[in-house]
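Throughout, residue positions are numbered sequentially from 1 according to the sequence presented. All values derive from a computational prediction rather than experimental measurement.
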Amino acid sequence: MTGTPAPFTADDYQARMERAARAAADAGLAGVLVAPGPDLVWLTGYAPPAATERLTLLVLAAGQDPVLVVPTLEAPDAEKAAGAPALTLRDWTDGKDPYATTAPLLDAAGRFGVSDNAWALHLLGLQKALPGTSYVSLTEGLPMLRAVKDAAELERLAAAGEAADATYEEILKVSFAGRRESEVAGDLADLLRRFGHSQVDFTVVGSGPNGANPHHEAGERVIENGDMVVLDFGGLKHGYGSDTSRTVHVGEPSAEERRVHDVVREAQEAAFRAVRPGVACQDVDRVARAHITEAGYGDRFIHRTGHGIGVTTHEPPYMIEGEEQPLVPGMCFSVEPGIYLPGRFGVRIEDIVTVTEDGGRRLNNTSREMAVVH
């Protein structure tokens, strides 16, 4: 396994904030307003101690220095953030109006991009203080803000993928038959942590008919000999995400089960081979979907082919019909077609892929052939 990467520096965060301000200006926005959450961590390295009703807001706009508005009682923590040297802190105390502190930083007639998880309470407070302003979510206004990863981010994503691969290799050694889905899910979580994950986001174990539900929550069903089992798991390592899926079989599979698995594996391979700069996101989806449709299972592929990944396990860009965003080197996303036969079984195969200068590179490299477990 790779070692711990060097931490991001104040210069790294400054470059990200400048990039965000430029992107906002290019999109016709007056600036970007970032509440606590993944965007704030990515832009500043600051994660407030807990969700709070007190206003914390990063204000970015082209031509002005970044300002982070924070409650006075949380200012000492904000000052310790890696990106703090690249911004100005503006604090407000309980009993004072935080919007009066924030309003002078904003264009009173501007349209701003706002991080998706901003509290309505705070957005309405800003609108009341500055009735001439308007707002758009960052997913709508700047969907590609975090989409293109630099070399240091790619290193972290590769390490997360390597840890997920190691987890899969180990889970193949455990017993499946006679154990509950929840027990195997617990094994997956333990392995992800053993291989360096600080956070486990999901451990899907869908056995038999439960595999036909793509987001099945691992439950108390006892896995039986003859079951197909969908495994989908991931989380964060070094602050960046992993997400991989493989489908295994308990005992020898039937000819039909092998065929369905082969169709999904071939669709996943075809979609991966379609990845290269300039190709529209929707075209990756179209390639996978065309192969599955040709095999007669088009109506049983019931989700998008992929989603972006970075400091969160799901983020733009999305590999789905209608998404015309062209692929750019440094983008990272899943390629995960599936077939789901209600009441019977499901199959999904998923790798994280990054766009290179002339194609794509998988960040998951375990076998995509069907593994037989006991």
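No side-chain N or O of H291 forms a donor-acceptor pair with one of Q268 less than 3.5 Å apart. Side chains of T139 and D116: a donor on one and an acceptor on the other come within 3.5 Å.
At least one cation-pi condition fails for R368 and F272: the charged atom is not both under 6.0 angstrom from the six-membered ring centre and inside a 45 degree cone around its axis.
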*Does the side chain to side chain contact (heavy atoms under 4.5 Å, CB included) test come out yes or no for D262 and R259, once each step is laid out?*
CA-CA 5 Å; D262 284 345; R259 177 174 182 270; 5.6 Å; no
*Under the salt bridge (Lys or Arg N to Asp or Glu O under 4.0 Å) rule, what do R156 and E153 come out as? Steps first, then yes or no, please.*
CA-CA 5 Å; R156 287 162 169 78; E153 292 182 291; over 6 Å; no
*Would you please test V373 and L172 for side chain to side chain contact (heavy atoms under 4.5 Å, CB included) and show each step?*
CA-CA 6 Å; V373 295; L172 294 180; 3.9 Å; yes
*Please assess D150 against D12 for the test side chain to side chain contact (heavy atoms under 4.5 Å, CB included), listing each intermediate value before the final yes or no.*
CA-CA 10 Å; D150 62 24; D12 293 324; 5.6 Å; no
*asked:* Before you tell me yes or no, could you show the steps for L57 and L105 under side chain to side chain contact (heavy atoms under 4.5 Å, CB included), namely the whole-Å CA-CA distance, both residues' side-chain angles and the distance that decides it to 0.1 Å?
replied: CA-CA 11 Å; L57 197 70; L105 305 173; over 6 Å; no
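Of the charged side-chain nitrogens involved, none lies within less than 4.0 Å of a carboxylate oxygen, so that R265 and E269 do not count as a salt-bridged pair. E74 has no carboxylate O lying under 4.0 Å from a charged side-chain N of R54, or vice versa, which leaves the two without a salt bridge. A salt bridge is absent between E155 and K149; no separation between the charged side-chain nitrogens and carboxylate oxygens falls under 4.0 Å. A salt bridge links R146 with D39; the closest basic N to acidic carboxylate O contact falls under 4.0 Å. Contact check on R246 versus D351 returns a salt bridge, with a Lys/Arg side-chain nitrogen under 4.0 Å from an Asp/Glu carboxylate oxygen.
The number of heavy-atom neighbours closer than 6.0 Å to CZ of R276, taken from other residues, nucleotides and ligands shown, is 12 or below. The local environment of CD in E217 is sparse, with at most 12 non-hydrogen atoms from other residues, nucleotides or ligands closer than 6.0 Å. Remark: N365 CG is packed, more than 12 non-hydrogen atoms of other residues, nucleotides or ligands lying under 6.0 Å away.
Using a 4.5 Å heavy-atom threshold, the side chains of Q325 and Y318 count as separate. Within the 4.5 Å cutoff, the side chain of V229 has no heavy atoms near those of the V184 side chain. Using a 4.5 Å cut-off on side-chain heavy atoms (C-beta onward), V355 and F333 make contact. Between L124 and K128 there is no side-chain heavy-atom pair separated by less than 4.5 Å. Side-chain contact between V353 and L363 is absent, with no heavy-atom pair separated by less than 4.5 Å. Within the 4.5 Å cutoff, the side chain of P253 has no heavy atoms near those of the H261 side chain. Looking only at side-chain heavy atoms (C-beta outward), L58 and M17 come within less than 4.5 Å of each other. A heavy-atom distance below 4.5 Å is not found between the side chains of I171 and V248.
Residues Y340 and H303 place their aromatic rings such that the two centres sit under 6.0 Å apart.
Results of the side-chain hydrogen bond (donor to acceptor under 3.5 Å, both in side chains) test with S207 over R221, R179, E224 single out R221 as the only residue that passes. No option in V70, T102, D97 other than T102 meets the side-chain contact (heavy atoms from CB on, under 4.5 Å) test with L55. Considering E324, E323, E321 in turn, E321 is the only one that fulfils the salt bridge (Lys or Arg N to Asp or Glu O under 4.0 Å) rule with R286.
The NE2 atom of H307 sits 9.5 Å away from the OG1 atom of T312 when rounded to the nearest 0.5 Å. Here CD of E181 is found 6.0 Å from CD1 of I223. Values are rounded to the nearest 0.5 Å. The line from CD1 of I302 to CD1 of I339 is 11.5 Å long, rounded to the nearest 0.5 Å. E257 CD to F345 CZ: the interatomic distance, rounded to the nearest 0.5 Å, is 5.0 Å. Between the CG atom of L188 and the NE2 atom of H197 there is a distance of 11.0 Å, given to the nearest 0.5 Å. Atom CG of residue L236 and atom OG1 of residue T313 lie 6.5 Å apart, to the nearest 0.5 angstrom.
By the criterion of side-chain heavy atoms lying less than 4.5 angstrom apart, applied directly or through intervening Ile, Leu, Val, Met, Phe, Trp or Tyr residues, L192 is not grouped with V311; the two fall into different hydrophobic clusters. Under the 4.5 Å side-chain heavy-atom criterion for Ile, Leu, Val, Met, Phe, Trp and Tyr, M228 and V264 are members of the same hydrophobic cluster. There is a path of hydrophobic side-chain contacts, each under 4.5 Å, that joins Y13 to L40. Note on L126: it clusters hydrophobically with V67, by side-chain heavy-atom contacts below 4.5 Å among ILVMFWY residues. Hydrophobic cluster membership differs between I349 and F202, with clusters built from Ile, Leu, Val, Met, Phe, Trp and Tyr side chains linked at under 4.5 angstrom.
Residues forming a side chain to side chain contact (heavy atoms under 4.5 Å, CB included) with L123 (at least two apart in sequence, or on another chain): V114, Y135.
Not one N or O on the side chain of T72 forms a donor-acceptor pair closer than 3.5 Å with the backbone of D91. A donor-acceptor pair under 3.5 Å links the side-chain atoms of R289 to the main chain of F301, judged by distance alone. With E183 contributing its side chain and R180 its backbone, the two residues share a donor-acceptor pair below 3.5 Å.
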